[in-house]
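Numbered from 1 within each chain, the chains take letters A, B, ... in sequence-line order.
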There are 2 protein chains.
Amino acid sequence: MVKNTLRREDALTRERIIEEAIALLDSSGEGGLTFRALAERLATGAGALYWHIANKNDLLAAACDAIVARRLGAPPVDASPQDIIRAVALELFDAIDAHPWIGPALTRAPWQAPLVRILERLGQQIRALGIPQAEQFAAVSALLGYILGVSVQNAANAQTGKQLGGDRSAILGQLAGAWAQLDADAYPFTRSIAAQLREHDDRMDFLAGVDLILRGLQRG
Amino acid sequence: MVKNTLRREDALTRERIIEEAIALLDSSGEGGLTFRALAERLATGAGALYWHIANKNDLLAAACDAIVARRLGAPPVDASPQDIIRAVALELFDAIDAHPWIGPALTRAPWQAPLVRILERLGQQIRALGIPQAEQFAAVSALLGYILGVSVQNAANAQTGKQLGGDRSAILGQLAGAWAQLDADAYPFTRSIAAQLREHDDRMDFLAGVDLILRGLQRG
DNA sequence: ACCTGAACACCGTTCAAGT
DNA sequence: ACCTGAACACCGTTCAAGT
């Protein structure tokens with residue numbers, strides 16, 4: 001009876017399912033999202049979820065879109081196109097870092113709602129930069145590809161770091177050590193930047209790359 | 001120790017397992033790689049595979065590395081750093097297009113063998129370009145992030161296109177139609193480039209982005 | 001309309017037992 | 001050392017049956 005009244009008070013909705021899915025994904029990772037676990041959290045049966053969502057892919061895409069929409073929520077005002085692009089890029093970098101399951105989810109549903117949201121935000125600024133119409137598509141897809149690619153890579157790094165024990169500098173130190181021991185003939189470059197690996201700042205490097213692309217665009 | 005005894009013609013080896021896994025992944029996609037299906041193809045039991053590989057992740061990473069090593073096999077000669085970088089970029093773009101499962105596999109094993117191979121190849125050219133030591137890490141990780149990000153995105157597009165029916169121009173036309181019907185106030189940019197979506201060449205846009213980054217690097 | 005929960009057809013992985 | 005194949009503990013998804 002307690003269970004029944006509980007269910008009545010907060011009826012199952014698509015939104016509630018998505019919110020709980022996000023919580024599950026954030027706390028237990030990609031593998032933690034299970035229809036059984038989700039149903040238990042929502043005090044319902046696994047089959048009930050299918051009344052509101054089509055399948056797991058649909059759920060993942062919806063969860064992803066909810067995060068992206070939230071992060072891109074605040075409309076930018078009074079800033080240069082470059083600054084807005086940088087802000088959007090950092091917002092996505094941080095969002096994917098906070099929710100590492102977004103990367104795979106975005107890749108699995110290309111050109112759907114979340115990606116189009118980002119495309120639009122970046123595209124408006126590409127236009128504001130005065131890039132000719134014929135080059136806008138290439139410009140925005142380069143920017144989009146870079147932002148998502150580096151962010152996903154960074155989140156994956158952080159994630160495996162967490163799985164290995166948490167201490168970031170220890171992990172990086174260990175990796176740097178492994179690189180330093182690579183074959184000197186085959187891997188001269190990797191060996192030479194092993195030290196930099198330990199000191200570098202992913203977020204700053206990411207932003208530097210965005211600036212690189214912006215610079216290239218303006219002198220195209 | 002030297003093995004004197006004759007090996008069975010069809011003895012199970014790590015290499016044979018990896019080759020068969022690649023064949024399975026290529027023909028049936030990521031979900032097609034199953035220990036049962038793989039064991040059947042190799043005329044053995046599922047458990048036998050675990051004598052040669054640690055788990056599915058290990059297998060996926062090994063398959064991924066085999067492809068990357070093969071594609072980066074030919075050592076570059078007599079070409080400018082820029083041309084070599086472009087060649088490596090295109091090689092990876094085509095490899096990921098041909099084996100779409102590589103994207104997720106690369107992301108799941110960051111900074112392991114395959115990624116380090118690519119890092120080294122790109123890094124040697126970054127060095128040859130005369131980028132200062134202190135900036136080399138940021139430069140190569142920007143390039144790497146862009147190349148993988150756009151390639152993975154492109155492969156995912158092609159993949160879902162295949163799933164939906166195969167006719168690329170029909171799919172793009174349909175997507176362009178959907179974009180053209182988006183809300184005019186919220187999505188002005190996306191609507192405006194819907195037409196370009198139909199005509200653009202992913203591979204050329206990708207290469208244009210590489211050049212953008214190279215240009216930015218040289219004027220940094 | 002919405003929900004239940006058992007059932008179906010799968011998975012990856014393990015392990016006693018064989019050769 | 002290497003392989004077998006049944007068993008375990010899971011999955012996503014479906015669907016008759018309930019309210």
Among the candidates [options], find the nucleotide nearest to the side-chain atoms of [X].
| X | options | value |
| --- | --- | --- |
| A:Trp51 | D:dC11, C:dA1, D:dA7 | C:dA1 |
| A:Lys56 | D:dG12, C:dC3, C:dC11 | D:dG12 |
| A:Arg36 | C:dA7, C:dC3, C:dC11 | C:dA7 |
| A:Thr34 | D:dC3, D:dG12, C:dT13 | D:dG12 |
| B:Leu12 | C:dG12, D:dC3, D:dC11 | D:dC3 |

For the residue pair B:His200 and B:Arg168, what are the closest heavy atoms and their distance? O-NH2, 3.3 Å
Distance check needed: D:dT14 C1' versus A:Asn55 CG, whole Å only. 13 Å
Could you state the atom-to-atom distance from CG of B:Leu42 to P of D:dC3 in whole Å? 10 Å
DNA chain D in dot-bracket form (Watson-Crick or G-U pairs under 3.5 Å, [ ] crossing, | inter-strand) is ||.|||||...|||||.||
A:Thr160 side chain to B:Arg108 side chain, donor-acceptor N/O pair below 3.5 angstrom: no
With sugar-phosphate meaning primed atoms plus P, OP1 and OP2, does A:Ile53 contact a base, only sugar-phosphate, or nothing at under 4.0 Å between heavy atoms? nothing
Candidate list B:Leu92, B:Leu90, B:Asp201, test side-chain contact (heavy atoms from CB on, under 4.5 Å), partner B:Phe206, passing option: B:Leu90
Electrostatic pair A:Glu30:A:Lys56 at N-O distance under 4.0 angstrom: no
Could you tell me how the ring of B:Tyr50 sits relative to the ring of B:Phe35: parallel (under 30°), tilted (30 to 60°) or perpendicular (over 60°)? parallel
What's the gap between C:dC2 and D:dA17 when it is taken at their P atoms, as a whole Å value? 22 Å
